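One structure is given here, and the rest of the page talks about it.
For the numbers below, each heavy atom of this structure counts, side chains included, while hydrogens, waters and symmetry mates do not. Keep in mind that this is a model prediction, so the values were computed, not measured.
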Amino acid sequence: MAETRSFQAQTNKLLDLMIHSIYAHKDVFLRELVSNASDAIDKVRFLALTDSELLEGDGEFKIKIIADADKHTLTILDNGIGMTYDEVIDHIGTIARSGAETFAERTKGTAADAATPDLIGQFGVGFYSAFMVAKRVLLETCKAKADHAVRWESAGDGTYTIERLDKTRRGTRITLFLRDKDAPKDDAAMTADGAEGDGGDDGDTVFNADNWTDAWTIRRTIKKYSDFIAFPIVMDTKKYESEVDEDGEAVEGAERKEKIVEETLNSTKALWTRPATTIEADEHKAFYKHLSRDWNDPAETIHFHIEGSQEWTALLYVPEKAPFDLFSREPRRGLQLYIKRVFIAEDVKELIPEHLRFLKGLVDSADLPLNMSRETVQQDRLVGAIKKRVTNKVVAHFKDMLAQRRDAYVQLWDEFGTCLKEGFHYEPAGKDKLADIVLVRTTHGDGWSTLGEVVERKQAGQTALYYLTGEKLETLQSAPQLEVFRKRNIEVILLPEAVDEIMVGALDKYQDLELKSAAKGELDGLPETEDEAKAKQARSEEFAVLTDRLGKLLDESCKQVRISDRLTDSAVCLVSDSAGMSPQMERMMMAMGQSMPTQKRILELNPDHTLIQAMRDLAAKDSGDDRLQEFAEMLFDQALLAEGAPIKNPAKFAQRVASAMTYAVAH
């Protein structure tokens with residue numbers, strides 16, 4: 001018969017694992033102990049709503065840090081709920097037992113449920129992070145209204161001592177006896193090849209005790225991790241004041257006196273926890289600069305709170321200027337992550353998509369899944385839901401800007417439009433919403449237009465939206481492929497950026513109108529009468545001898561030579577097959593190191609151009625005339641130059657042009 005047994009943990013090994021393997025950075029020990037102290041205060045504050053005697057006359061909540069350089073100790077003191085003898089055994093003597101989690105479960109559904117404290121602890125291991133920097137930890141605690149206090153002590157070796165004491169003040173005092181400054185390196189300090197790496201805070205030892213009795217180090221760490229804890233975090237500091245007279249003026253020559261003052265280390269003002277309507281613009285500017293280290297003010301602020309099955313807050317800022325590394329291979333991106341106002345990580349990439357990487361800001365969640373050290377976000381449905389909600393909110397905000405504050409949106413687009421268009425690749429599911437905020441240049445004028453505005457200006461009978469991609473706007477504006485569109489007053493979208501190829505590839509339609517390249521395939525989306533269709537067929541037959549001959553002469557370069565519907569002024573142009581790759585995309589793929597097969601394109605001839613008509617007559621008279629070979633290659637190079645593409649043999653092209661000019665001058 002099968003027998004079921006519980007796993008047996010080797011306490012020493014488990015504790016050693018928690019001390020040396022869970023946390024990536026030693027300084028988080030202070031974050032964890034301060035967070036525990038905050039939870040303890042939150043508990044007593046909550047319970048005091050129905051039992052004011054718990055406060056015992058001490059209702060000024062705070063967390064105090066005491067650093068003693070001479071004794072090499074660091075103390076964290078709070079006036080929270082405290083613990084009894086049995087609770088110390090349950091929550092401190094039992095690894096991974098969370099008192100905060102137990103308290104939260106017990107208070108669910110109570111009459112005061114609306115005021116239930118937002119406790120930080122969840123794994124019950126934060127306390128043991130103290131052993132990363134301490135060789136011995138002393139805990140002294142007294143629970144509110146209890147008849148005794150408790151003293152607990154351990155060296156982190158798997159054992160501890162505990163005893164009852166006479167009742168003292170309410171709260172908990174944790175004293176860390178810091179490791180010696182010159183402790184030897186541990187195995188983690190060695191690199192793979194055996195060379196010594198960064199073994200500790202001073203670069204030479206596992207831990208430098210002087211760091212954690214230094215007021216500046218403590219301030220910096222509190223500011224980094226616990227700046228927005230709801231209760232004051234204080235520390236005694238020395239200040240020197242001069243003696244003053246009755247008028248408050250400094251007495252000349254008087255000796256300055258040392259004075260101990262209690263300094264508050266954290267701001268306690270989590271801006272994002274306040275209603276958006278109560279936050280002044282100057283407060284946002286100051287917070288943005290603190291958050292992003294940017295000299296400029298933010299261009300836009302996006303602040304929202306989500307409630308329901310998920311509860312979290314986002315405070316996002318759009319910078320005024322694009323950062324220098326926006327398009328570098330590995331740009332700094334992501335949002336700061338807070339869990340219940342406690343800083344967790346600096347650049348969490350999982351919270352925003354790649355095309356919104358220019359955003360600065362934070363997300364504060366009450367229940368985001370983290371690893372045990374609370375330093376890494378786990379891939380989870382909630383993380384994906386936050387990313388999706390942030391994306392939708394930002395796009396909706398930009399859409400409102402476009403409708404109500406167009407000038408401001410145009411400035412934003414000038415800075416980040418290229419980046420936003422990457423969203424068609426990274427977030428294809430949201431392409432329709434993204435398409436509504438895209439701005440484009442067109443043949444309609446010099447300014448920006450939305451795709452919706454292009455649709456509104458379409459001609460009667462027009463069944464497609466036309467675009468042309470290339471490398472420069474100036475080249476596109478003079479492209480021969482646009483001549484027929486100008487003649488018919490049909491607007492064409494001009495796309496001069498490499499990312500535009502990705503955008504139009506993903507966005508095959510907009511408002512039921514197909515997006516078609518003005519330089520690809522047949523122009524089958526233009527309004528056309530029956531007479532125009534017959535004339536087109538007649539022209540093809542009229543020039544058949546010439547197109548067939550040029551097609552054979554340019555067989556290695558061109559897929560086909562045909563009569564054009566696009567041209568009105570230029571003699572020739574190159575177009576791609578309807579299913580072919582555009583030259584812009586081809587060059588982009590080659591720049592990325594992709595091996596690309598040669599793309600043969602179609603050479604189109606303008607039947608109304610004098611040169612093409614003369615060549616028609618020459619081919620009709622003698623299709624084997626040697627001059628057709630020279631003219632064919634010149635026409636192909638001319639078509640390449642017209643679209644800004646390089647030609648294979650510039651020197652030979654120059655010789656042919658010189659010969660043609662010489663012949664023209666002589667005759």
Side-chain angles (χ1 to χ4, degrees), residues 15 19 29-45 47-48 54-95 97-100 102-103 120-121 124-179 209 212-213 218 226 229 231-236 262:
L15 186 57
I19 294 170
F29 85 91
L30 193 54
R31 178 195 72 183
E32 296 297 293
L33 296 181
V34 167
S35 296
N36 288 347
S38 174
D39 280 352
I41 296 175
D42 246 337
K43 291 176 190 178
V44 74
R45 186 175 64 170
L47 294 175
L54 286 170
L55 297 181
E56 300 176 341
D58 184 8
E60 186 181 347
F61 302 119
K62 63 182 177 181
I63 301 165
K64 187 163 188 173
I65 297 176
I66 304 170
D68 191 326
D70 295 331
K71 296 180 179 179
H72 283 264
T73 61
L74 183 68
T75 301
I76 296 89
L77 178 67
D78 69 70
N79 55 350
I81 188 66
M83 290 179 282
T84 64
Y85 185 90
D86 292 337
E87 287 173 337
V88 171
I89 293 175
D90 285 343
H91 302 315
I92 303 299
T94 304
I95 297 176
R97 175 77 173 271
S98 173
T102 303
F103 181 85
I120 300 166
V125 300
F127 171 79
Y128 302 97
S129 64
F131 288 105
M132 290 193 299
V133 298
K135 57 187 177 183
R136 181 163 58 95
V137 176
L138 172 63
L139 179 144
E140 298 164 293
T141 182
C142 181
K143 186 163 185 176
K145 295 179 68 174
D147 59 359
H148 67 280
V150 184
R151 176 189 173 97
W152 179 99
E153 189 172 2
S154 176
D157 56 1
T159 63
Y160 63 87
T161 61
I162 186 171
E163 62 177 314
R164 292 176 185 264
L165 302 174
D166 292 336
K167 179 177 175 60
T168 57
R169 60 177 291 278
R170 183 193 81 240
T172 300
R173 181 187 188 98
I174 300 174
T175 302
L176 311 183
F177 294 86
L178 300 170
R179 294 182 183 275
W212 295 108
T213 56
I218 295 171
S226 307
I229 289 289
F231 308 104
I233 304 171
V234 302
M235 179 175 65
D236 288 341
E262 196 170 71

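A pairwise comparison of heavy atoms in I174 and T172 identifies CG1-CG2, 4.0 Å as the closest pair. Listed here is the closest heavy atom pair of A40 and D78: CB-OD1, 4.1 Å. Between V150 and V88 the shortest heavy-atom distance is CG1-CG2, 3.9 Å. The two residues T168 and A149 have their closest heavy-atom pair at OG1-CB, 3.8 Å. Nearest approach of M83 to E87, heavy atoms of both residues: CA-OE1, 3.4 Å.
With rounding to the nearest 0.5 angstrom, the OG1 atom of T161 is 5.0 Å from the CD atom of E153. How far OG1 of T175 is from CG of L77: 8.5 Å, rounded to the nearest 0.5 Å. Between the CG atom of D42 and the CZ atom of F231 there is a distance of 4.0 Å, given to the nearest 0.5 Å. The distance from the CZ atom of R151 to the CD1 atom of I162 is 11.5 Å, given to the nearest 0.5 Å. To the nearest 0.5 Å, the span separating OG on S129 from CG on N36 amounts to 8.0 Å. Remark: K167 NZ to K143 NZ distance equals 11.5 Å, nearest 0.5 Å.
Every residue was checked against the side chain to side chain donor-acceptor pair (under 3.5 Å) condition with R173, not counting sequence neighbours, and none meets it. In this structure, the side chain to side chain donor-acceptor pair (under 3.5 Å) partners of D58, at least two apart in sequence or on a different chain, are N79. With sequence neighbours excluded, the residues forming a side chain to side chain donor-acceptor pair (under 3.5 Å) with K64 are D236, E262, listed by chain and number.
Distance alone, capped at 3.5 Å, places no donor-acceptor pair between the E56 side chain and the R169 backbone. Side-chain atoms of S38 do not come within 3.5 Å of backbone N or O of V34 as any donor-acceptor pair. Within the 3.5 Å criterion, the main-chain N or O of G80 finds no donor-acceptor partner in the side chain of K43. Put simply, the side chain of T73 never gets that close to the backbone of L176: no donor and acceptor are under 3.5 Å apart. Of the possible donor and acceptor atoms, one in the side chain of Y128 sits under 3.5 Å from a partner among the backbone N and O of I92. The closest donor-acceptor contact from the side chain of R179 to the backbone of F131 lies under 3.5 Å. Side-chain atoms of R170 come within 3.5 Å of backbone N or O of L55 as a donor-acceptor pair.
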*asked:* Does F61 form a side chain to side chain contact (heavy atoms under 4.5 Å, CB included) with V44? I'd like the steps, not just the answer.
replied: CA-CA 10 Å; F61 302 119; V44 74; 3.7 Å; yes
*Show your working on side chain to side chain contact (heavy atoms under 4.5 Å, CB included) between L30 and W212 and close with a plain yes or no.*
CA-CA 10 Å; L30 193 54; W212 295 108; 4.2 Å; yes
*asked:* Working note: V137 + F177, criterion side chain to side chain contact (heavy atoms under 4.5 Å, CB included); need CA distance, chi angles, decisive distance, verdict.
replied: CA-CA 6 Å; V137 176; F177 294 86; over 6 Å; no
*Evaluate the side chain to side chain contact (heavy atoms under 4.5 Å, CB included) criterion for residues L74 and F29: first the C-alpha distance (whole Å), next the side-chain angles of each, then the deciding distance (0.1 Å), finally the verdict.*
CA-CA 12 Å; L74 183 68; F29 85 91; 3.8 Å; yes
